[in-house]
Amino acid sequence: MEHPMIRKKCPCCFREISNEEADILIRDHEIRLHSPILNDLISPREDEKYARFWENMGNSQNVLETNRIIITNEMIAEANEELEETGMVPIEKTFDEQSQGYVLTIREDSMIVVSNTMACPHCHNILPQNFFRYDMISIGLAGSVATGKTVFMASLMMNGFRILNKANMTVRNAHGNPLDPEKIKMERISQKLFKDQICPDPTNKSFQQPVYLEMNLKLEKENRTFLVTFYDVAGETIRNEAGSGKTIFARHVDGIIFFVDPSQMFLRQPIPLKTTVDEKKILSSMRLLSPAEQAAMQRDNKMRGSQPVWLDFGTSFEEEDENLNYERNPETILDSLRMGIGDSELGNKYIALTVAKCDQLSELEEFREIPASSLLFERPDLKNGWMDMDHHVVRQKILEHVFEEKVYHLQRNVGEYKGSALFCISALGCETRQEEYQQAMITRAVSPIRPIRVEEPFLWLLMKQMQERGWI
């Protein structure tokens with residue numbers, strides 16, 4: 001019986017693959033069988049394709065295990081020839097109607113090994129569950145260092161996607177391997193945020209494994225299930241590697257959430273520092289600034305109207321100070337992103353320009369002067385699991401003024417995208433402090449975490465894609 005051949009692009013290397021071509025990963029490394037043929041097949045070996053992919057992406061240090069059991073179609077065919085000669089049961093790779101993928105089955109006497117974990121035949125990254133069954137919407141998180149991309153993702157995932165799981169919407173993890181180390185890492189980060197109020201550390205300067213979600217949405221006429229892929233790539237990588245393989249995700253995403261930190265805005269007054277900080281412990285771990293460095297720090301702080309950023313003084317302060325202002329400039333990242341996407345592709349992308357950590361702005365006098373600015377900081381309940389579009393339209397008008405006055409002409413730089421919208425969110429919605437925890441310095445929320453509309457840029461991008469695809 002013929003089965004449908006479904007072709008899609010791998011969400012990691014973006015090469016086209018079919019469900020028939022996909023390789024199978026066996027997770028259990030402890031299996032031992034009597035047959036030397038089968039034992040050789042299911043023995044862990046260095047996965048060169050997998051290791052090479054992550055090495056090329058500058059992230060090989062994060063790959064916990066490159067000794068893996070990947071079974072290809074060629075390996076199955078060769079092993080079956082030998083098994084037939086010895087009269088043993090051949091290995092089966094059968095079509096699964098439910099997932100539209102394939103399942104590997106190995107039998108020997110009373111032993112049976114089954115796996116439906118599919119991997120890309122080109123880079124050997126695991127494909128998400130139901131990859132060949134459902135459509136996928138891809139979203140990139142972009143912004144300079146410490147703008148809160150990882151905290152944003154952890155806030156969405158916190159307490160089992162509590163913010164997103166509503167009456168008409170269900171969200172769950174969709175990683176093909178339930179024991180995937182990166183999946184477990186993100187789940188632990190979100191749990192720490194929810195239970196212990198510990199904020200995640202910034203990502204390193206490299207490509208991170210995507211986060212896969214499966215969403216079910218109750219629409220007026222039908223239920224729609226689809227996959228969502230999030231790409232969280234460090235701002236330094238976007239800037240330094242623009243147009244290279246390390247930023248290839250930018251060309252393939254459907255939409256981008258672009259983060260602007262309050263420290264990157266032009267404010268008349270400093271952001272009030274209300275966090276509780278153990279200054280002695282922090283200062284004891286830092287080299288004292290020279291008078292010239294202190295003056296330069298104060299000058300930079302006054303110019304940016306924000307709190308100072310502690311720097312690594314491996315180079316001269318003047319050089320580091322100048323580089324910091326350039327590298328953290330949101331226009332620098334946005335220009336680099338544009339280079340990575342390519343002018344011809346900009347017209348196919350949506351972008352959500354998003355002020356992060358907006359709770360830091362809520363008590364500034366210059367924001368109180370803006371008419372109806374309180375709408376920027378409200379925490380409304382989602383209506384039927386969606387965003388309040390009436391207030392969203394009003395906030396757009398307010399944010400147009402905010403971006404024009406506080407982030408200069410950033411919104412004018414997205415005119416060639418297919419569509420754009422402005423957002424003002426906070427993944428925590430509360431103050432934080434630095435403290436020592438298990439012999440390391442961490443950032444912890446001071447009061448209960450109450451996110452401020454953290455889901456809205458994500459939901460807006462979903463809505464635009466669903467309109468594009470004729471779902472709504």
Side-chain angles (χ1 to χ4, degrees), residues 141-152 155 163 199 202 235 257-277 300-309 324-325 328-331 333-334 351-380 387-388 391-411 420-434 443 445-458 460:
L141 309 181
S144 59
V145 64
T147 48
K149 300 183 296 296
T150 307
V151 182
F152 168 85
S155 183
I163 292 176
C199 303
I257 301 177
F258 187 88
F259 294 89
V260 178
D261 191 283
S263 67
Q264 299 169 322
M265 301 172 70
F266 294 89
L267 305 173
R268 296 199 305 267
Q269 62 192 104
I271 297 171
L273 182 62
K274 295 169 59 179
T275 56
T276 306
V277 180
D300 175 60
N301 183 40
K302 184 177 180 181
M303 179 187 72
R304 292 185 292 115
S306 60
Q307 298 177 52
V309 179
L324 178 75
N325 284 326
R328 282 184 54 79
N329 186 332
E331 289 192 32
I333 304 297
L334 198 58
I351 187 167
L353 294 180
T354 304
V355 175
K357 310 174 188 176
C358 73
D359 56 299
Q360 296 181 0
L361 305 170
S362 61
E363 296 185 23
L364 295 186
E365 186 64 33
E366 59 192 284
F367 274 82
R368 293 178 181 176
E369 295 170 357
I370 301 172
S373 63
S374 61
L375 286 177
L376 300 181
F377 314 112
E378 68 174 356
R379 296 177 171 89
M387 53 196 285
D388 187 326
H391 281 201
H392 170 67
V393 171
V394 177
R395 275 192 287 267
Q396 291 299 288
K397 297 297 182 183
I398 304 170
L399 287 169
E400 284 175 10
H401 170 79
V402 170
F403 271 80
E404 187 71 24
E405 296 294 324
K406 314 297 183 187
V407 206
Y408 284 167
H409 308 305
L410 192 67
Q411 73 270 37
S420 65
L422 308 175
F423 297 89
C424 193
I425 71 167
S426 176
L428 301 178
C430 63
E431 304 154 28
T432 60
R433 66 165 176 255
Q434 283 191 297
T443 301
V446 174
S447 53
I449 295 172
R450 297 179 61 218
I452 299 177
R453 302 186 317 280
V454 68
E455 71 288 342
E456 284 198 353
F458 170 47
W460 177 79

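The model shown is predicted, which means the values in this text are computed figures rather than measured ones. Worth knowing before you read on, the calculation uses all heavy atoms, side chains too, and leaves out hydrogens, waters and symmetry mates.
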Chi angles and distances behind the side chain to side chain contact (heavy atoms under 4.5 Å, CB included) call for Met265, Glu405: CA-CA 9 Å; Met265 301 172 70; Glu405 296 294 324; over 6 Å; no
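- Taking SG of Cys424 as the reference point, atom NZ of Lys357 lies at 13.0 Å (rounded to 0.5 Å).
- Salt bridge Glu378/Arg395: present, at least one basic N to carboxylate O contact under 4.0 Å.
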With side chain to side chain contact (heavy atoms under 4.5 Å, CB included) as the test, would you mind laying out the steps for Gln264 and Thr147 before giving the verdict? CA-CA 9 Å; Gln264 299 169 322; Thr147 48; 3.9 Å; yes
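- No side-chain heavy atom of Lys406 sits under 4.5 Å from any side-chain heavy atom of His401.
- Side-chain atoms of Glu331 never come within 3.5 Å of backbone atoms of Leu410 as a donor-acceptor pair (strictly under, hydrogens ignored).
- Side-chain contact of Glu456 with His392: a donor-acceptor pair under 3.5 Å is absent, judged by distance alone.
- Taking CG of Leu399 as the reference point, atom OG1 of Thr354 lies at 9.5 Å (rounded to 0.5 Å).
- Atoms CG and CD1, from Leu353 and Ile257 in turn, are 11.0 Å apart once rounded to the nearest 0.5 Å.
- Cys358 and Phe377 get closest at one heavy-atom pair: O-CE2, 3.3 Å.
- Shown here for Arg453 and Leu375, the closest heavy-atom pair between the two residues is NH1-O, 3.6 Å.
- Distance check: Trp460 CH2 to Phe423 CZ gives 6.0 Å after rounding to the nearest 0.5 Å.
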For side chain to side chain contact (heavy atoms under 4.5 Å, CB included), just list the numbers for Leu422 and Val402, CA-CA rounded to whole Å, side-chain angles, deciding distance to a tenth of an Å, and then say yes or no. CA-CA 10 Å; Leu422 308 175; Val402 170; over 6 Å; no
Step-by-step side chain to side chain contact (heavy atoms under 4.5 Å, CB included) determination, Phe458 to Leu141: CA-CA 10 Å; Phe458 170 47; Leu141 309 181; over 6 Å; no
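- The line from CD1 of Ile398 to OG of Ser374 is 7.5 Å long, rounded to the nearest 0.5 Å.
- Of the listed residues (Asn329, Ile351, Val260), just one forms a side-chain contact (heavy atoms from CB on, under 4.5 Å) with Leu334, and that residue is Ile351.
- Residue Phe258 holds its CZ atom at 9.5 Å from NZ of Lys149, rounded to the nearest 0.5 Å.
- Leu428 has its side chain out of reach of Asp359: every pair of non-hydrogen atoms, C-beta onward, lies at least 4.5 Å apart.
- Other residues, nucleotides and ligands contribute over 12 non-hydrogen atoms within 6.0 Å of the CZ atom of Arg379.
- Between Leu376 and Ile452, the closest heavy-atom pair is O-CG2, 4.1 Å.
- Ala427 and Val454 get closest at one heavy-atom pair: CA-CG2, 3.9 Å.
- With Ser373 contributing its side chain and Phe367 its backbone, the two residues share a donor-acceptor pair below 3.5 Å.
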